[in-house]
Each structure stands twice: as structure tokens, then as C-alpha cells.
Amino acid sequence: MFLLWVPVSLVLGFIISQTWSVQTSWENWNQDLRNRGNEFEKKSSQPHIVFILVDDQGFRDVGYHGSEIKTPTLDRLAAQGVKLENYYVQPLCSPSRSQLMTGRYQIHTGLQHSIIRATQPNCLPLDNVTLPQKLKEAGYSTHMVGKWHLGFYKRGCLPTQRGFDTFFGSLLGSGDYYSHYKCEGAGMCGYDLYEGEEAAWEQDRGMYSTVMFTRKAISILAHHNPRRQPLFLYLAYQAVHSPLQVPARYLERYKGIPNLHRRKYAAMVSCLDEAIHNLTLALKRYGYYDNTVIVYSSDNGGQPLAGGSNWPLRGSKATYWEGGIRAVGFVHSPLLVNKGTKCRSLVHITDWYPTLVTLGEGTLDEDLNLDGYDVWEAISEGRPSPRQDILHNIDPIYIKAKNGSWKAGYGLWNTAIQAALRVGHWKLLTGVPGYSDWVPPQTFSNQRLTNRWHNERVRWDRGKSVWLFNITADPYERVDLSQRYPHIVKKMLMRLAQYNKTAVPVRYPAKDLRSNPQYNGGVWGPWFKDERERQEEEERFNNLLSDVLGKKRWKKKSKTRKLKRRVEK
């Protein structure tokens, strides 16, 4: 037998090389699996978005605007982010919320008059694609906690039908902070706390709504994986809207404020500040913070009769003076390029729609007909804002200026109509802009609010129907320039007329008595059914009826058979 001699070193080399080859491919495979796992778990480039909308917080009702109210959390978040110091919203709840959700002016949605009332068959028009719908298309998990106030007369109007995966909160504009009941006129009272599309009786523990909404928001953060899917959380607090209710422990901080309304209001703001502190801690605890954009905004100016302050701005909530529409707002995020700055560029609440959809890598189709602009670079990098003007509103129903006329509007515009427009530095108002006094801090003494001698009453406004201000030079609207610059007035009236040509008819239907909660199990909720919904309900009823009748027939037949068998036996 012939044996081929092979050096041992060569054999060992071959074995080692094969073993190394197997080991290498095993390691490569393992590494490939690890890479895939990392890829699965790696952070998305899409940021998490937390939009906090508070209710009726006045321009001065935050520490960094010189308030006596302590807001350490808001002050810190704003100081580390970007303060929006030329930021505008609408003067009332529903209008601001509608423009946030659609990126469109009120004249383009039909909601240009007043608010959506609980008894009206009205809601945010269903043909508008909402902000959460666009973010959902981009892959976001979308959640809403808090106040809706965009209509609920039929099921299709509810938040969960408008782009939100989940909803927990109230449908109306206000209500009791503990019992969550709301009365609209005599005898029309009902419960207003929802989980999804049903009344949240089981969730209600009589908890103060600011605390309850914060806990719900934190629960959403705790149960979502921030690495697997971007999250959009819309947290719309009821606070600090009336009624003025707050846990007693927050009142103790403000014993020095003699005016009871202001004291309660200040305590409510402090509770809100603490809630946002807890929310921020949760963002860090659950791994969101480093890839999150937090937007903070009030929905309109403060109401001095309910403890709010807009000083030194003129006017209040429900007016088109700066005190009604210039809002507290800031952006806080590790993703900002220039932190610790102030943005003095013009920013409007409609701008959040295109800004946040673009940040979330969504698509903005031309047929959306947006009035908002993407202002992220203006906020984050200090670049010029693409926004140069704001149509604050044109309300053709609110015609109360007795001295208003086409003549006063140079034949270009009927100045009896309530309207407001900002172009560059200039602001024009026509009609009756609303309560126009300046309400200084010393107003909140222990005197009756109706007898404040130190309010600056504006006597010379009577009989006027046109005002012009240079807001950059005169942010407090003390010097009317309409007589001095008639050519500017004419240009802006022409711009108003052009905007008005694009307006859709106003949606402001009469009260519907079917909205009464007593017809709906004591709950405020959908009451109107269109033809399709009626047919579906009728079909469900008929199916249920046929099932019941079928079971009865089957039982009857079964009984008959048993009797026959007994007889045969």
C-alpha cells in the first residue's frame, strides 16, 4: 500500500484555514443579524412631535414675559429653545384649532364666524385633510389628549375619524374640571369625557383635568416604542379656560394676590407648568427626548374678566387687537440649530401644518390649498420667514360698525365688516375689533372689576371703523395712522377685497334641539345621522331583528319536535 506523505504543518494549516473560514462566515452571519437588528431598532430620522396647546393663556401670563405667575418649566424650556415673539393665533378657541388642523384660514373652511357651539350641527368640514391624517400617511402613530372643540354632531366629525389613532378628552369648549359636565343654556346639561368614540365613564375618577390629561399622555408615551415608529402627540389642555377651578395646594402660592379671579388663574397656570414638567421627564425617561420637537402655544389671548393678562398689549380674547391674537409660543428641541434664541419673524398658527408635515417627511399636495408656510428654518436657524402677511379674519356676519360704509373704505371695502389684516409692519382693522382697553397689572386688586379707574378707556374709538398701526414700531396699538397714511389703507383694503373673493360661505347653522344630552344617555355626543348612516343603522337593526326572530323560530321548531317525539313514544 502506497502512503502519500504530507507534512503535518500543511495538514494543520488546512484544518485551521477551514475552521477559520467557517468561524469567519459564522461571525459574518452573526454580524449581519446584529446589523439587521440594529437597523430594526435604530432611530428613525422622523422626529417625534409633541404639540401642547393651552387654552386662554394671556401674553403676560408666563414668567419670561414679566408675570408674577411662577412658570419655571415653561421659562426653562423656552430659554433652551426658541421663543416666538412675533407669533399669532386666532382670537377664539375653534378658529385657532381649525387653522392648526388644516393649515387654512377660516375664510377657506367656512368657520369665519364665532366658535362651533355644542348645539350646532357643525364641525370642521370633512373635505379638509387634517394634520394628523398627513402625519399618519407619513408613518406616524397619532394620539390626541384633551379638548377638541371642532364639532361632534355626527360620528365622522370625531377626532378618531379625523386622523387620530386614539383620543381621550372632551368634545366641547369648556366644562367642569372635576365632574366633566357642561351646561349649554337652561336644561341642556351633559357629561363630556371621551375615550375614543364612547363616553369614558369608567375612566372618570373625578380627577382634575390638567392632572388627568397629563397622566394619559404619559401613559401613551410609556406604551409606545419610540425606536420603531415616530409619534405625534397633540396635548390640548383645558386649562386655563374658565371655570376657574384648581386644587387648593396651588392656591397657597398666591396668597399675596388680592383679586380672587387672578389668584385662581395664577394657581391654574402653576398646575399647568408642573404638568408640563412631568411630561418632559417622561419624554426623557422613555427615550423620546433626543429626537423630539415640542411646540408650545396658547390658542388665543387672555380674558381679564377671568383672571388673564395680556399687558402691555391692547384688548383681550375674542378681539382682533394684539391682546386677542398675539400668543405665548415657543419651540423646544435638541434638533434646533440655534437654541436659546428669539424668533422675531412672522409666524402664524396655520404654519404648523406644513412645517410639521415637512419635518415628519410627509407630502404636501398642491390641492391642499394651504395658507400656512414651512417656517422651520426661520425658527431653527434664524433665517427670514417666508410669511409676509396674515389674514387675521373676515367675518361677514359680524356687522356692527354703525358708522362703517363703502365710503369710509374708499369704495374698495365696506368698513362695517369686521376684518383684520397684517402685511409686513402694517396692521389694518375694520368694523368693530372688540373690547379695546389696555388692562394693566394693577387692575387685579380687590376692587370690583367693573369699577377699575386705572383701565385706559378708549373714548375716541367711537364712530371709527378703520384703524392702521405700524405693529413693529407700535406693538401696543396706541397710535392710529389711518389718517396719516391713506395710501397704505387703500392698498390693504384692496388686499382684503382680494382675499374676500376666495372666501367660502359661512357655516353657522341654527341650534338643533336633538343635540340635547337627555336624548343621548346624558352625554354630549353625535346626534345627527345622514342618509347613509340611517341606512346602516336600519340595516344593523333589521339584521339584529332577523337574528332574534330566527332564534325564536328555531326554539319554537325545536319545542314542536320534542313534543312530537314524546307523543310518538
Side-chain angles (χ1 to χ4, degrees), residues 43-55 57 71 73-74 76-78 80-84 87 96-97 100-101 130-132 134-136 138-148 159 163-169 210-239 272-299 327-336 339 349 351-353 355-362 375-376 379-380:
K43 288 181 185 176
S44 165
S45 59
Q46 296 167 284
H48 305 294
I49 298 167
V50 177
F51 197 105
I52 302 168
L53 189 68
V54 296
D55 207 336
Q57 184 178 18
T71 56
T73 302
L74 298 182
R76 177 177 52 79
L77 293 175
Q80 294 170 357
V82 177
K83 297 173 184 174
L84 307 177
Y87 172 53
S96 281
R97 290 157 208 274
L100 169 65
M101 286 292 124
T130 65
L131 173 60
K134 292 305 291 181
L135 289 172
K136 198 170 179 178
Y140 276 75
S141 177
T142 58
H143 305 271
M144 180 183 170
V145 177
K147 169 178 165 177
W148 177 236
F164 289 104
D165 294 327
T166 67
F167 167 63
F168 180 81
T210 302
V211 176
M212 181 173 61
F213 291 160
T214 306
R215 288 188 181 179
K216 191 68 179 180
I218 290 172
S219 173
I220 289 168
L221 295 176
H223 289 92
H224 179 82
N225 186 338
R227 291 183 174 273
R228 291 185 62 178
Q229 186 182 20
L231 176 134
F232 172 53
L233 173 61
Y234 173 42
L235 179 52
Y237 282 106
Q238 176 184 356
L272 179 70
D273 187 83
E274 187 179 288
I276 293 166
H277 170 71
N278 292 333
L279 180 75
T280 311
L281 289 179
L283 287 169
K284 292 177 178 177
R285 184 186 310 126
Y286 297 118
Y288 293 86
Y289 180 77
D290 290 339
N291 191 35
T292 295
V293 173
I294 301 171
V295 180
Y296 182 92
S297 170
S298 181
D299 67 340
V328 175
F330 63 80
V331 177
H332 177 93
S333 174
L335 306 177
L336 290 164
K339 301 179 189 68
I349 194 164
D351 297 332
W352 295 121
Y353 188 111
T355 301
L356 298 179
V357 171
T358 304
L359 260 182
E361 299 177 13
V375 291
W376 181 251
I379 294 169
S380 178

Next on the checklist: Less than 6.0 angstrom separating the ring centers of F330 and Y296, yes or no?
Outcome noted: yes

Spatial distance of atom [atom1] ([X]) from atom [atom2] ([Y]) [nearest 0.5 Å]:
X: E361; Y: S45; atom1: CD; atom2: OG; answer: 3.5 Å
X: I294; Y: S333; atom1: CD1; atom2: OG; answer: 7.5 Å
X: I220; Y: R215; atom1: CD1; atom2: CZ; answer: 15.0 Å

Checklist entry - Please walk me through it: do R97 and D55 pass salt bridge (charged side-chain N to carboxylate O under 4.0 Å, His left out)? => result CA-CA 11 Å; R97 290 157 208 274; D55 207 336; 3.4 Å; yes

Locate the shortest heavy-atom distance separating [X] from [Y]; write the atom from each residue and the value.
X: L359; Y: P47; value: O-CD, 3.3 Å
X: P159; Y: W148; value: CG-CD2, 3.5 Å
X: S298; Y: A327; value: O-CB, 4.0 Å
X: Y87; Y: G329; value: CD2-CA, 3.9 Å
X: A236; Y: M144; value: CB-CE, 4.4 Å

Checklist entry - Any idea how F164 and F232 line up, ring-wise: parallel (<30°), tilted (30 to 60°), or perpendicular (>60°)? => result parallel

Checklist entry - Would you call the rings of H332 and Y289 parallel, tilted or perpendicular, where under 30° means parallel and over 60° means perpendicular? => result tilted

Taking the side chain as every heavy atom from C-beta outward, state whether [X] and [Y] have any pair of such atoms under 4.5 Å apart.
X: K136; Y: D165; answer: yes
X: P132; Y: M101; answer: yes
X: F168; Y: M212; answer: yes
X: V293; Y: V50; answer: no
X: V54; Y: D299; answer: no
X: Y353; Y: L356; answer: no

Checklist entry - Step by step, would you call Q46 with L231 a side chain to side chain contact (heavy atoms under 4.5 Å, CB included)? => result CA-CA 9 Å; Q46 296 167 284; L231 176 134; over 6 Å; no

Checklist entry - Is the closest side-chain donor-acceptor distance between D273 and T71 under 3.5 Å? => result no

Next on the checklist: Is there a side chain to side chain contact (heavy atoms under 4.5 Å, CB included) between V145 and Y234? Walk through the geometry before answering.
Outcome noted: CA-CA 6 Å; V145 177; Y234 173 42; over 6 Å; no

Checklist entry - Would I52 and L279 satisfy side chain to side chain contact (heavy atoms under 4.5 Å, CB included), going step by step from the backbone distance to the final call? => result CA-CA 10 Å; I52 302 168; L279 180 75; 3.9 Å; yes

Next on the checklist: Tell me if a side-chain donor or acceptor on Q238 pairs with a main-chain N or O of K147 at a distance below 3.5 Å.
Outcome noted: no

Checklist entry - Which residues pass the side-chain hydrogen bond (donor to acceptor under 3.5 Å, both in side chains) test with T214, sequence neighbours left out? => result Y237

